[in-house]
2 protein chains.
Amino acid sequence: MIQVFKKYLTDKIAITDEEWAMFEQYGMIKKLRKHQYLLQEGDVWRLNAFVCKGCLRKYHVDDKGVEHIVYFSIENYWTGDRESLLSGMPAKSNIDAIEDSVILLYSIEHFELLKSKIPAFKDFTISLLDRSFVASQNRVHSFISQTAEEKYLDFIKTSPQIANRIPQHMIASYLGISPETLSRVRKLTIKK
Amino acid sequence: MIQVFKKYLTDKIAITDEEWAMFEQYGMIKKLRKHQYLLQEGDVWRLNAFVCKGCLRKYHVDDKGVEHIVYFSIENYWTGDRESLLSGMPAKSNIDAIEDSVILLYSIEHFELLKSKIPAFKDFTISLLDRSFVASQNRVHSFISQTAEEKYLDFIKTSPQIANRIPQHMIASYLGISPETLSRVRKLTIKK
DNA sequence: GAAAAAACTTGATCTAGATCAATGGAAATT
DNA sequence: AATTTCCATTGATCTAGATCAAGTTTTTTC
């Protein structure tokens with residue numbers, strides 16, 4: 001299963017056999033059953049997690065007990081709680097598996113070691129962060145300026161591989177609209 | 001005016017005199033009058049901009065001609081259009097001065113040079129990006145889960161130094177609510 | 001493969017916040 | 001100092017989307 005990560009990595013940067021050996025040595029494979037938690041609110045997150053197989057969601061629970069999904073991750077995506085990682089404080093979010101999944105984990109210490117020993121990998125993580133930041137800003141912009149319908153159409157257009165495998169009410173939660181509204185939006189847009 | 005940047009930098013990382021000389025050599029000071037653009041939609045952004053003095057806003061204009069503010073920057077903040085910088089494509093956003101301002105500019109080439117010659121500075125920019133990403137994610141979360149009132153109270157609590165110097169209708173735009181709603185929200189919350 | 005649990009749809013009603021419109025006050029601009 | 005432009009407030013009305021409530025279909029589980 002770590003082969004998924006090897007392919008991902010070698011598609012992006014040139015890696016020697018010795019360097020790959022380090023990734024193999026430090027990586028920990030974790031299997032998650034559907035509904036199982038990778039991270040629970042209140043725990044401190046100290047890892048970097050690469051999804052080899054499956055699908056996970058990251059969500060917050062508000063005062064009224066409502067879940068708000070902030071991120072989905074499928075094969076070749078990273079997940080985790082950066083805020084907890086950086087601050088060392090307990091996470092305010094939960095991450096659980098939507099499907100049976102296989103995750104590759106690196107402790108923060110091993111991950112730092114890999115970055116320091118392999119400059120190309122360090123640069124890669126920076127460019128990943130750069131693109132994540134731009135994506136997050138675009139998402140903010142979509143919330144400021146788009147209607148429910150626009151947000152939905154945008155989502156299925158830009159993330160069809162995610163949209164096609166998760167339950168509809170989770171898409172609604174991710175878009176910040178009610179499941180009923182999403183159902184009605186879809187009925188209208190299919191006809192168009 | 002570049003002294004503002006020197007203080008900012010030396011508060012954060014240790015810098016030799018020779019290193020500081022490079023920052024002085026490559027930095028370009030630009031003065032902006034109120035309402036003057038730093039970046040206009042359609043231009044390619046190829047800089048990093050540090051605000052020495054004043055206040056700027058970054059905003060998008062939608063199909064209906066409505067402005068949506070996505071970011072404010074005051075003294076000791078950075079600004080720019082990362083999406084255009086990374087992609088090389090024309091910017092979809094505008095940045096202009098809300099007050100007469102003084103900006104310190106580094107071309108992308110000089111900025112890369114500084115990062116490669118001064119590892120501590122490179123690490124600093126990574127940590128800055130890390131924190132910007134977390135802030136952006138928290139803003140997404142606030143749009144998914146908060147009411148107009150909650151967003152406003154949060155904003156004046158976490159960014160009082162910004163909230164106190166910009167016109168109210170710009171706060172409304174930043175929060176994704178109408179100026180009238182913000183006026184009403186304030187009337188209610190002051191009484192409480 | 002039957003029963004139970006989730007997930008989706010549809011209708012009726014409600015509401016937070018938008019939009020429209022008018023007024024008064026504060027800042028720029030001359 | 002006068003005039004114009006911009007800003008904030010307030011009231012009246014409207015609407016996108018939420019909430020509540022069934023009913024139906026799909027998926028899990030035993």
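Below, each value reflects all heavy atoms present in this structure, side chains not excepted, and no hydrogens, waters or symmetry copies.
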| task | Just say parallel, tilted or perpendicular for the rings of Phe23(B) and Tyr106(B), cut-offs at 30° and 60°. | result | perpendicular

| Regarding Ser93(A) and Asp81(A), is there a side-chain donor-to-acceptor distance under 3.5 Å anywhere? | yes

| message | Rounding to an integer number of Å, can you tell me how far Ile98(A) CD1 sits from dT28(D) C1'? | response | 17 Å

| request: Write down the distance between NZ (Lys187(B)) and P (dC7(D)), rounded to a whole number of angstrom. | output: 21 Å

| request: May I have the distance from Glu99(B) (atom CD) to dA27(C) (atom C1'), rounded to whole angstrom? | output: 15 Å

| Should the ring pair Trp20(A) and Phe5(A) be called parallel, tilted or perpendicular, given that the plane angle runs from 0 to 90° and is split at 30 and 60? | tilted

| In whole angstroms, how far is the P atom of dT27(D) from the CG atom of Asp100(A)? | 16 Å

| query | With respect to the side chain of His169(A), which nucleotide from dA8(D), dA7(C), dT9(C) is positioned closest? | reply | dA7(C)

| said: Which is more 5' along DNA chain C, the nucleotide nearest Ser183(A) or the one nearest Gln146(B)? Just name the residue. | reply: Ser183(A)

| remark: Among the nucleotides dT9(C), dG11(D), dG17(C), whichever has the atom closest to the side chain of Arg186(A) is dT9(C)

| query | In whole Å, what is the span from the OH atom of Tyr152(B) to the P atom of dG17(C)? | reply | 15 Å

| request: Rounded to the nearest angstrom, tell me the gap between atom CD in Glu149(A) and atom C1' in dT15(D). | output: 15 Å

| request: In whole angstrom, give the distance that lies between atom NZ of Lys34(B) and atom C1' of dC7(D). | output: 11 Å

| field | Phosphate OP1/OP2 of dT9(C): any Gln168(A) side-chain N/O under 4.0 Å | value | yes

| task | Would you mind telling me which of dT19(C), dA8(D), dA7(C) lies closest to the side-chain atoms of Arg184(B)? | result | dT19(C)

| Ring centres of Tyr8(B) and Phe50(B) under 6.0 Å apart? | yes

| message | Between Asp96(A) and Arg57(A) (salt bridge meaning N to carboxylate O under 4.0 Å), is one present in this structure? | response | yes

| query | For the pair made of CG in Leu188(A) and C1' in dA16(D), what is the distance, rounded to whole Å? | reply | 12 Å

| Can you name the residues that form a ring-ring contact (aromatic ring centres under 6.0 Å, His included) with Tyr77(B), not counting sequence neighbours? | none

| Near-strand residues of residues 172-182 of chain B, defined as heavy-atom separation under 4.0 angstrom from DNA chain C | Gly176(B), Ile177(B), Ser178(B), Glu180(B), Thr181(B)

| field | Side chain to side chain, Arg186(B) and Tyr152(B), heavy atoms closer than 4.5 Å | value | yes

| How is Lys151(A) classified with respect to the nucleic acid when contacts are heavy atoms under 4.0 Å: base, sugar-phosphate, or nothing? | nothing

